[in-house]
Amino acid sequence: RGSRAAPPRGRLPPFLLVALAACAARASEITFELPDNAKQCFYEEIVQGTKCTLEFQVITGGHYDVDCRLEGPDGAVLYKEMKKQYDSFTFTASRNGTYKFCFSNEFSTFTHKTVYFDFQVGEDPPLFPSENRVTALTQMESACVSIHEALKSVIDYQTHFRLREAQGRSRAEDLNTRVAYWSIGEAIILLVVSIGQVFLLKSFFSDKRTTTTRVGS
């Protein structure tokens, strides 16, 4: 995840620089299954003073909620939320070491979850090595920077809509399953009631034979 050095200026066309920067700025994203009564933890080595962002969302399962906890190298709790569907948390590392963040589904007894998270460490590298120079950027360089920022926004929107589409599909499939089970149950109930009514009406019109017994003295 370290910063990727940009190629020397003048050796690549500006549009190739934009493409390379877009690839380097892509954050690590993971979608994983979290079984019921389970807990999954992830670890990241972070240098002091690095700005980090944790963003997560539950895509499928139950009430679409999960517990999330973020701890520093010394075990201090930096972030803790219970039964959250989605959230985002930004912090700056106070010391060097391994940071741990965990997702827990231990409160669920039979429903597994599908969780997506994006953990960004550090800021994007500059598009041009000399972007922070005193002199102003050329018109081509300014256009490349604008395109680069627009591409990052497009990637964020695509990720957001993919998650919403996956969540919507899961809800639709769950609703379809419930409707199917409800329809089968109604059909069984109607069948049982119909058979019961037939036997009840049949009992009304059937001949009842009475047997008399004489008791002789």
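All values below come from the heavy atoms of this structure, side chains included, with hydrogens, waters and symmetry mates left out.
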May I have the step-by-step check of ring pair (Phe, Tyr, Trp, His ring centres under 6.0 Å) for F119 and F42, ending in yes or no?
CA-CA 10 Å; F119 192 66; F42 300 87; 9.6 Å; no
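- No continuous path of hydrophobic side-chain contacts links Y43 to F89 [ILVMFWY only; heavy atoms under 4.5 Å].
- Looking at heavy atoms from C-beta onward, S88 lies in side-chain contact with T53 at the 4.5 angstrom threshold.
- Under 4.0 Å is where a charged nitrogen must lie from a carboxylate oxygen, and between R69 and E71 at least one such pair does.
- By the 4.5 Å side-chain criterion applied to Ile, Leu, Val, Met, Phe, Trp and Tyr, L191 is assigned to a cluster that also includes I195, F199.
- Residues P73 and G97 share a closest heavy-atom pair of CG-CA, 3.8 Å.
- Counting only residues at least two apart or in different chains, ring-ring contact (aromatic ring centres under 6.0 Å, His included) contacts with residues 49-70 comprise F56-F103.
- Atom CD of residue E45 and atom OG1 of residue T50 lie 11.5 Å apart, to the nearest 0.5 angstrom.
- Between K113 atom NZ and Q85 atom CD the span is 9.5 Å, to the nearest 0.5 Å.
- Under the 4.5 Å side-chain heavy-atom criterion for grouping Ile, Leu, Val, Met, Phe, Trp and Tyr, I184 is connected to V192 within one hydrophobic cluster.
- T111 and N105 make their closest contact through O-ND2, 2.9 Å (heavy atoms, listed as atom of the first residue, atom of the second, distance).
- In the hydrophobic clustering (ILVMFWY side chains linked at under 4.5 Å, chained through shared members), Y157 is joined by F161.
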May I have the list of side-chain donor-acceptor pairs in residues 74-84 shorter than 3.5 Å, sequence neighbours left out?
| from | atom 1 | to | atom 2 | distance (Å) |
| --- | --- | --- | --- | --- |
| D74 | OD1 | A76 | N | 3.2 |
| Y79 | OH | D87 | OD2 | 2.5 |

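- Remark: Q57 CD to R164 CZ distance equals 9.0 Å, nearest 0.5 Å.
- Taking Ile, Leu, Val, Met, Phe, Trp and Tyr as hydrophobic and joining them when side-chain heavy atoms fall under 4.5 Å apart, one finds I59 in a cluster with Y116, L163.
- For P35 against A38, the heavy-atom pair with the smallest separation is O-CB, 3.2 Å.
- Of all heavy-atom pairs spanning A93 and I46, the tightest one is CB-CG2, 3.6 Å.
- Scanning all heavy atoms of the two residues, the minimum distance from C68 to L54 falls at SG-CD2, 4.0 Å.
- Side chains of T114 and E33: a donor on one and an acceptor on the other come within 3.5 Å.
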What do the steps show when you test C41 against C102 for disulfide (SG to SG under 2.5 Å), and what is the final call?
CA-CA 4 Å; C41 294; C102 301; 2.0 Å; yes
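- Pairs engaging residues 191-201 under the side-chain hydrogen bond (donor to acceptor under 3.5 Å, both in side chains) rule: none recorded [sequence neighbours left out].
- Annotation: side chain of F32 is in contact with side chain of V115 (closest heavy-atom distance under 4.5 Å).
- Not less than 6.0 angstrom separates the ring centroid of Y99 from the ring centroid of F101.
- At a threshold of 4.5 Å between non-hydrogen side-chain atoms, the residues V121 and C52 count as touching.
- Atom OG of S183 and atom CD1 of I188 lie 11.0 Å apart (nearest 0.5 Å).
- Minimum heavy-atom separation, T109 to N37: O-ND2, 3.7 Å.
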How far apart are the C-alpha atoms of T60 and R169, what are their side-chain angles, what is the distance that settles it, and do they pass the side-chain contact (heavy atoms from CB on, under 4.5 Å) test?
CA-CA 9 Å; T60 62; R169 184 174 65 252; over 6 Å; no
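- Once rounded to the nearest 0.5 Å, the distance linking CD1 of I30 with CD of Q40 reads 9.0 Å.
- To the nearest 0.5 Å, atoms CG (D118) and CD (E55) are separated by 6.0 Å.
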